[in-house]
Amino acid sequence: MTGSSSGIGRSITIALAREGVDLYLVDIDGINLEAVAREARSYDVEVVTAICDLSQTVQITATVNALLSRWGRLDILINSAGLAYYGPWETMPAALQEEILTVNLLAPIQLVRELLPSLLAQDEAHIVNIASIFGLASMRKGLMYQTSKFGLSGFSMALNAEFGRRRFGVTTLCPGFVRTPMLYTTSIAAGQRRHEVPAWATTNVEDIANATIRAIYKNRALVVIPLAAKLIWWLTRIAPNGVAWLMREGWRK
């Protein structure tokens with residue numbers, strides 16, 4: 001489980017612990033990671049933590065090797081870690097672009113690739129990739145974040161087509177705006193204003209965690225939550241040109 005120390009990752013971690021799942025928690029924030037691990041252990045499950053910078057491929061491989069050395073197997077892989085940025089693409093630092101693509105997309109691909117033999121060896125295994133509604137629909141000033149999430153959605157759906165049901169389950173989870181620290185601390189470009197997201201358009205991390213648990217049990221391929229995100233997705237499918245105009249021109253007006 002990546003991105004375990006806060007937000008969606010933390011909430012899913014605790015939800016899995018309540019279900020009696022032993023946990024291997026991965027994050028770059030060691031202090032908060034240990035706090036989450038202590039809370040999860042209160043449900044009488046085994047919890048192992050690993051500090052890993054997902055932008056570093058060598059660290060990912062070392063973490064996978066440590067996991068398999070300790071347990072020899074993995075039944076559920078949840079890719080929850082992610083980075084975001086709001087602002088014009090032309091002013092976005094190249095290094096930040098690469099970091100977002102690496103953490104949001106390339107790291108999950110590497111984790112699945114290196115853990116694939118273990119997942120295939122289980123009678124029942126499952127992958128959950130936490131994408132975003134902006135991996136199904138677009139908006140302005142989030143180009144690299146959306147590129148990474150569209151890529152993750154596509155990767156996840158392709159995994160489901162190739163391995164789903166007969167080999168292991170794959171869920172693409174696409175939440176809309178979630179009340180997490182990321183919503184309020186996402187990096188923004190100089191001169192940009194952080195927009196307040198209306199409460200009706202957001203959901204909480206507990207709802208996301210519950211939806212994740214249900215998706216694993218029911219082997220759901222795609223989960224879009226909450227209703228506001230579903231409406232964006234439906235409108236994008238029904239009237240893609242209209243939504244594109246709204247995002248491109250109507251937003252300015």
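Everything numeric here is computed off the predicted structure, so don't read it as measured data. Only this structure's heavy atoms are used, side chains among them; waters, hydrogens and symmetry mates stay out.
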Taking only residues at least two apart or on different chains, which pairs with a member in [range] satisfy ring pair (Phe, Tyr, Trp, His ring centres under 6.0 Å)?
range: residues 90-120; value: none
range: residues 105-141; value: Phe134-Phe177
range: residues 24-76; value: Tyr24-Trp71

With a 4.5 Å heavy-atom cut-off, do Thr172 and Asn160 have their side chains touching?
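Side-chain contact under 4.5 Å: no.
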Do Asn65 and Thr61 have side chains that approach each other closer than 4.5 Å (heavy atoms only, starting at C-beta)?
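Contact flag for Asn65/Thr61 side chains = yes.
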Identified side chain to side chain donor-acceptor pair (under 3.5 Å) partner of Ser156 from the options Thr171, Asn129, Asn79
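It is Asn129; the other options fail the test.
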[Y] backbone acceptor or donor facing [X] side chain under 3.5 Å:
X: Gln122; Y: Asp75; value: no
X: Thr91; Y: Pro88; value: yes
X: Glu114; Y: Val64; value: no
X: Lys149; Y: Ile130; value: yes
X: Ser118; Y: Leu74; value: yes
X: Gln97; Y: Met92; value: yes
X: Asn104; Y: Leu83; value: yes
X: Arg220; Y: Arg214; value: no

Show your reasoning for whether side chain to side chain contact (heavy atoms under 4.5 Å, CB included) applies to Leu25 and Asp27.
CA-CA 7 Å; Leu25 306 180; Asp27 205 289; over 6 Å; no
Donor-acceptor side-chain pairing of Gln146 and Ser132 below 3.5 angstrom
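Checked: Gln146/Ser132 side chains show no N/O donor-acceptor pair below 3.5 Å.
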Among the clusters formed by ILVMFWY side chains lying less than 4.5 Å apart, do [X] and [Y] turn up in the same one?
X: Leu152; Y: Leu116; value: yes
X: Ile8; Y: Ile213; value: yes
X: Val26; Y: Ile51; value: no

With Phe150 via ring-ring contact (aromatic ring centres under 6.0 Å, His included) - residues at least two apart:
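None.
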Please determine whether the number of non-hydrogen atoms from other residues, nucleotides or ligands lying under 6.0 Å from atom CD of Glu162 exceeds 12.
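12 or below, so no.
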Output side-chain donor-acceptor pairs under 3.5 Å for residues 29-37, partner residues at least two apart or in another chain, one line each.
residue: Asp29; atom: OD1; partner: Ile31; partner atom: N; Å: 3.4
residue: Asp29; atom: OD1; partner: Asn32; partner atom: N; Å: 3.3
residue: Asp29; atom: OD2; partner: Asn32; partner atom: ND2; Å: 2.6
residue: Glu34; atom: OE2; partner: Thr49; partner atom: OG1; Å: 2.7

Holding to side-chain contact (heavy atoms from CB on, under 4.5 Å), I want the full list of residues that pass it with Val243, two or more places apart in sequence or in another chain.
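With sequence neighbours excluded, Val243 shows a side-chain contact (heavy atoms from CB on, under 4.5 Å) to Leu235, Thr236, Met247, given in chain and number order.
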Could you walk me through whether Leu23 and Met1 pass side chain to side chain contact (heavy atoms under 4.5 Å, CB included), step by step?
CA-CA 7 Å; Leu23 299 163; Met1 171 84 187; 5.6 Å; no
